[in-house]
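Below, all heavy atoms of this structure are taken into account, side chains as well, without hydrogens, waters or symmetry copies.
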Amino acid sequence: MIQFLLMASMFLEGLWGKSVLTVRDTLILSEENKQVMLEDSIPQSFADQLDYYYKSWHADKRIKLEYVDSLEIADTKSAIVCSDSLYLARLDSLQSAIPLSFNDIVRNYIELYTVKRRLQVANMLGLGEYYFPIFEEALDAECMPLELKYLPVIESALNPRALSRVGACGLWQFMYSTGKMYKLEINSFVDARRDPYLATQAAVRYLNDLYAIYEDWILVIAAYNCGPGNVNKAIRRSGGKKNYWDIYYNLPRETRGYVPAFIAANYVFNYYEEHGIQPLQQNLPVMCDSIMIADGLHFEQIAAKLDLSLEELRDLNPQYRADVIPGGFGKSYALRLPYEYVGRFIDNQDSIFACNRSKYFNDDDRIADPKARIKVHAPNLDQEGKARLVYIVKAGDVPGAIAMKFNVRLSDLKYWNNLNRRMIIRQGQKLVIYVPGKKLAQYKGKANYTGKVNNTASAPKAATIDGEYVVYTVKNGENLWTIAKKYPGVSNRDIMRWNSLSDADVRKIKPGQKLKIKI
């Protein structure tokens with residue numbers, strides 16, 4: 001009977017060219033035979049986030065957005081809008097293991113992708129050629145629905161460096177605490193949330209854990225976005241009902257559009273050609289392989305010997321925050337390279353590790369005594385040849401947009417200004433930014449220039465005690481952490497130990513105080 005009504009609906013629509021209410025609409029939006037109309041507007045934050053992740057990807061790739069935007073695919077006038085019955089028939093033909101419902105909300109998200117954000121979809125289609133095989137392999141190994149590979153589409157727009165306003169990071173947008181819970185390494189040099197392979201494995205485990213709770217993939221998808229706690233509250237407030245559309249209004253507003261966006265992504269990535277969209281080709285090699293690195297290595301050393309650009313290395317290895325692979329001390333890290341470069345790396349690995357080594361690592365300071373402070377592989381984080389700018393935060397500014405404005409990495413902006421992991425900034429706050437001295441004129445108009453080009457990057461000069469310690473005078477506004485940053489390999493705990501300072505003493509540090517620092 002339902003099939004007959006659907007065919008009749010499509011027939012009538014073909015005659016008059018008008019959209020009619022589909023059978024699936026009525027079934028989904030009904031409760032005890034009473035139709036319930038759901039809110040179908042798309043939050044502006046969703047579209048803004050899609051635009052931001054798209055632009056940040058191209059900013060990192062140094063692609064001129066003006067050129068990309070000039071492509072015919074960006075022309076919304078040529079967009080094809082289909083009837084509800086056709087959308088419904090196409091979703092049914094996908095034969096998904098996850099129910100792909102259709103209603104006005106889903107249609108709005110489909111048209112957001114196929115009409116208003118065509119260029120962003122083209123970009124994600126190109127990226128999907130590289131990332132989807134990674135997701136599919138991990139999902140297939142656990143016998144999970146392969147349709148879950150579209151979650152990163154709505155989470156991060158397939159940008160491995162994506163960082164949300166609340167601190168979620170990577171393709172799968174793991175929060176810091178959730179990443180740690182699933183054993184993802186996060187420190188000053190490595191953020192495994194940005195590792196396409198490790199983060200995917202963690203996401204698969206997380207999704208499996210959620211399925212053990214709900215045994216419903218639609219609820220699992222909702223819980224992935226807002227957390228199982230919020231989904232449990234929505235179920236309880238709905239009188240124990242466990243259908244997503246029944247608990248719709250009791251979910252956080254952002255999550256209400258999450259499942260419809262997921263359904264829309266399934267549609268768009270299968271029917272993009274029917275809407276005149278073609279993948280925007282990326283420079284990501286389809287065939288890659290990994291080499292385990294057991295010693296410290298900088299991307300510039302690899303680039304110098306293998307004729308690979310830094311951008312190519314960063315794209316394939318986005319988990320390394322400072323272009324440094326911090327191998328050593330019994331720990332190895334994976335370096336991903338295009339397949340044809342793996343043999344060349346193995347043949348030339350001695351010269352690669354030796355290339356300008358003193359510039360990147362303090363190997364000469366290796367100390368055999370395990371009780372002594374070890375400075376091996378402390379990276380050179382100087383600002384040689386850079387000009388110092390001060391940017392005053394304006395209303396509506398976010399760290400990612402500021403980093404894009406000055407063409408610097410977000411991790412560098414965070415380091416220069418000692419921002420916390422959530423990277424919260426306030427209007428009127430002053431941020432220090434270092435740009436190439438040769439490009440000072442280009443960026444000077446965007447901030448107040450308050451510094452000079454640094455020709456040297458040595459630690460602060462101070463009197464030496466017996467050739468082993470230097471005496472440092474504390475300046476106004478400084479603390480142990482900011483002082484320690486000036487000396488490679490030195491931590492605030494080191495300074496406390498050398499000066500016999502307790503936690504209580506640290507809080508009393510004042511300008512003019514003398515501190516011993518071991519060199």
Centres of the Tyr267 and Tyr113 rings: under 6.0 Å? no
Sort out for me which residue in Tyr131, Phe262, Phe135, Phe132 forms a ring-ring contact (aromatic ring centres under 6.0 Å, His included) with Phe269. Phe132
Tyr182 versus Asp209, side-chain donor and acceptor atoms under 3.5 Å: yes
For Gly170 and Ser156, the nearest pair of non-hydrogen atoms, with its separation, is O-CB, 3.4 Å
Minimal heavy-atom distance between Ser101 and Val106, with the atoms involved, is O-CG2, 3.7 Å
Between the side chains of Asn123 and Gln282, is a donor N or O closer than 3.5 angstrom to an acceptor N or O? yes
Which atom pairs, one a donor and one an acceptor, fall under 3.5 Å between side chains of residues 228-236 and the rest of the protein, sequence neighbours left out?
unit_1: Asn230; atom_1: ND2; unit_2: Cys226; atom_2: O; d: 2.8
unit_1: Asn232; atom_1: OD1; unit_2: Tyr214; atom_2: OH; d: 2.9
unit_1: Asn232; atom_1: ND2; unit_2: Pro228; atom_2: O; d: 3.2

Parallel, tilted or perpendicular: rings of Tyr320 and Tyr333 (30°, 60°): perpendicular
Is a side-chain donor-acceptor pair under 3.5 Å present for Tyr360 with Glu300? yes
Kindly give the heavy-atom pair with the smallest separation between Arg256 and Tyr244, and that separation in Å. O-OH, 2.8 Å
Just checking Tyr434 against Phe406, ring centres under 6.0 Å apart? no
Would you indicate whether the side-chain heavy atoms of Asp323 and Arg314 approach each other to under 4.5 Å? yes
Over 60° means perpendicular and under 30° means parallel, so classify the ring planes of Tyr206 and Tyr224, tilted if in between. tilted
Taking the side chain as C-beta and beyond, is there a heavy-atom pair between Val268 and Val153 under 4.5 Å? no
